[in-house]
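Remember, it's 1-based here, ligands and their atoms both numbered in the order they're listed.
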Amino acid sequence: MPKFPDDFFFGASTSSHQIEGGNYNDWTEWEKKVSGVKAQAARDRHWPDYILNNYPNPLQTENYISGRAADHYNRFKEDFDIAQQLGHNAHRLSIEWSRVEPEQGEFDLKEIQHYKEVIAALRERGIEPFVTLWHWTLPVWLASGSGSAGAGEGGVRHEEFSDLFSRYAETMVEALGDSVKYWITLNEPEMYALNAYGRGIWPPGKRGIISFYKTLAALIEAHQEAYELIKDINKNAQVGVACNMVYFESAGGVVNNLLKWVAERAWNHHFIHHIKNELDFIGLNYYFHNRINYGLNKNKFEKVSDLGWDLYPQGIKNVLLDLKKYEKLIVITENGLADAEDTNRAWWIEESLKAVSEAITEGVDIQGYLHWSLLDNFEWDKGFWPRFGLIEVDYKTMERKIRPSVLEYKKHIQQQII
Ligand code: BGC
């Protein structure tokens with residue numbers, strides 16, 4: 001069994017829009033527009049029976065509408081009871097901005113109270129909260145650029161975005177006080193900029209390379225401003241950002257090595273490089289391996305997830321070693337796979353933990369591993385069918401079932417913590 005420091009955090013990650021249910025934000029508006037088209041388009045693909053036999057499946061419109069999601073908003077205590085039974089001592093969640101500031105400048109005290117109760121429920125169970133302030137969803141007033149927020153571009157490209165984000169951050173950091181030590185300002189700014197402003201497959205559906213970089217610049221500014229503010233309010237706060245990073249593997253030779261260097265700079269390091277002076281820890285979200293051989297993604301695909309992603313857990317070690325140069329604490333804030341039948345999850349967890357432990361032995365300062373995800377959830381433009389949960393959710397009855405692989409994860413945790 002791989003070894004970890006005594007104070008290592010083991011747990012899982014979630015995000016508000018993907019599990020809470022009952023949200024009203026820019027995504028819920030987008031879902032209304034695209035769900036029918038997506039269900040239709042899914043008919044052109046072949047789907048294995050084990051995907052089609054689940055509810056909802058990719059051919060159904062409901063698949064693409066977050067709706068009740070996993071009803072975690074009402075069941076968070078029950079879900080945290082399971083996390084506790086599984087031996088978790090840390091948990092990552094996100095606050096839904098659209099709930100706490102449904103209208104510009106008007107904060108909803110009832111919703112703020114809700115998140116206080118969520119944090120208290122974690123603390124009562126001996127679970128350290130990692131709180132993300134923004135995991136991609138936006139209040140509608142901000143996304144549309146309407147109201148007194150001013151006309152013009154909305155969302156993260158709104159000219160006052162960093163101030164608006166900081167005001168929301170300030171409200172939450174003040175409200176939650178000392179009950180939260182670890183704050184994550186933004187989740188995967190690069191993935192968001194790519195899909196929402198580069199490829200146009202997420203709201204607001206913009207495209208272009210310039211649009212991608214301008215969006216990253218806006219998010220860099222938002223992080224920097226929020227970082228200073230959070231540190232002013234809570235001196236003990238540890239503030240990080242969760243970035244998606246890829247193991248780019250060169251097949252060798254000058255051209256491939258050069259391509260690897262460029263890809264790493266453009267994807268893994270761009271954001272972190274700009275904010276390295278306003279950063280207490282790096283949140284690493286690792287899912288992808290990309291073998292470069294006179295082109296990208298020349299992977300072997302020996303094992304794949306239900307989403308067709310190449311499963312290469314050991315690559316997390318290469319990314320971790322590459323992050324050592326920043327001399328920052330690292331927390332693995334996401335790592336997992338869509339695996340409805342739970343065939344590869346135990347193996348994935350075992351290999352990932354081995355790789356993380358080796359990186360620690362080689363001198364990387366790693367403080368925790370948070371698996372994605374605690375529960376099955378709403379996987380953005382793909383909808384509900386990809387199953388990332390340690391806990392399976394029956395979306396008809398909302399019943400929770402622990403997947404067998406999770407017991408393997410628990411064994412690792414027990415060996416370490418108990
Ligand atoms: C995101 C999660 C998402 C997961 C699996 C990450 O990029 O932060 O919200 O569910 O990947 O795709």
Side-chain angles (χ1 to χ4, degrees), residues 11-21 23 25-28 30-31 51 58 63-64 66 69-70 72 91-97 130-138 156 184-199 201-203 215-216 219 223 240-247 267-268 271-272 282-290 304-313 315-316 319 331-340 344-345 348-349 352 369-393:
S13 263
T14 59
S15 92
S16 55
H17 187 66
Q18 294 179 271
I19 54 170
E20 281 183 349
N23 283 333
N25 56 34
D26 61 334
W27 267 88
T28 55
W30 173 264
E31 290 158 21
I51 300 286
N63 178 63
Y64 305 95
S66 56
H72 177 75
H91 178 77
R92 176 175 170 227
L93 62 108
S94 75
I95 291 171
E96 181 59 37
W97 187 353
F130 282 73
V131 179
T132 310
L133 283 160
W134 180 71
H135 199 122
W136 298 344
T137 48
L138 294 164
V156 304
I184 294 164
T185 53
L186 309 172
N187 180 66
E188 295 193 1
E190 61 304 293
M191 190 59 92
Y192 176 80
L194 177 70
N195 286 335
Y197 285 87
R199 300 166 68 204
I201 59 166
W202 291 352
T215 304
L216 275 181
L219 291 169
H223 168 87
V241 67
C243 286
N244 180 295
M245 294 193 191
V246 175
Y247 169 40
W267 187 256
N268 290 354
F271 200 88
I272 295 284
I282 299 174
L284 167 63
N285 294 0
Y286 174 81
Y287 295 91
F288 302 117
H289 164 226
N290 193 320
V304 290
S305 77
D306 293 347
L307 284 162
W309 298 355
D310 182 33
L311 296 178
Y312 198 80
I316 196 171
V319 178
V331 177
I332 290 119
T333 37
E334 284 185 37
N335 174 254
L337 67 165
D339 185 10
N344 289 312
R345 195 173 278 104
W348 171 279
I349 291 173
S352 301
Y369 172 86
L370 305 175
H371 188 83
W372 184 270
S373 176
L374 182 64
L375 300 168
D376 281 341
N377 55 35
F378 181 73
E379 181 55 24
W380 307 109
D381 54 306
K382 312 281 185 318
F384 286 106
W385 72 260
R387 303 288 186 141
F388 275 89
L390 294 172
I391 302 167
E392 180 182 347
V393 176

Non-hydrogen side-chain atoms of E190 and N268 separated by less than 4.5 Å: no
Quick one: which ligand 1 atoms are inside 4.0 Å of a heavy atom on [X]?
X: N187; result: 8 (O)
X: Q18; result: 2 (C), 3 (C), 9 (O), 10 (O)
X: Y287; result: 4 (C), 5 (C), 6 (C), 11 (O)

N/O donor-acceptor pair under 3.5 Å between W380 side chain and G383 backbone: no
Side chain to side chain contact (heavy atoms under 4.5 Å, CB included) involving A242 - partner list, sequence neighbours excluded: R92, I184, N187, N285, T333
Quick one: does [X] get an N or O within less than 3.5 Å of an N or O on ligand 1?
X: W309; value: no
X: H135; value: yes
X: E379; value: yes

Option set M191, E334, E188, criterion heavy-atom distance to atom 2 (C) of ligand 1, minimum: E334
Plane angle bin for W348 and Y286 - parallel if under 30°, tilted between 30 and 60°, otherwise perpendicular: parallel
Aromatic ring pairing W30/W27, orientation class (parallel under 30°, perpendicular over 60°, tilted between): perpendicular
Ligand 1 versus N377: contacting region, heavy-atom distance under 4.0 Å: neither
Distance-minimising heavy-atom pair for E96 and S16: OE1-OG, 2.7 Å
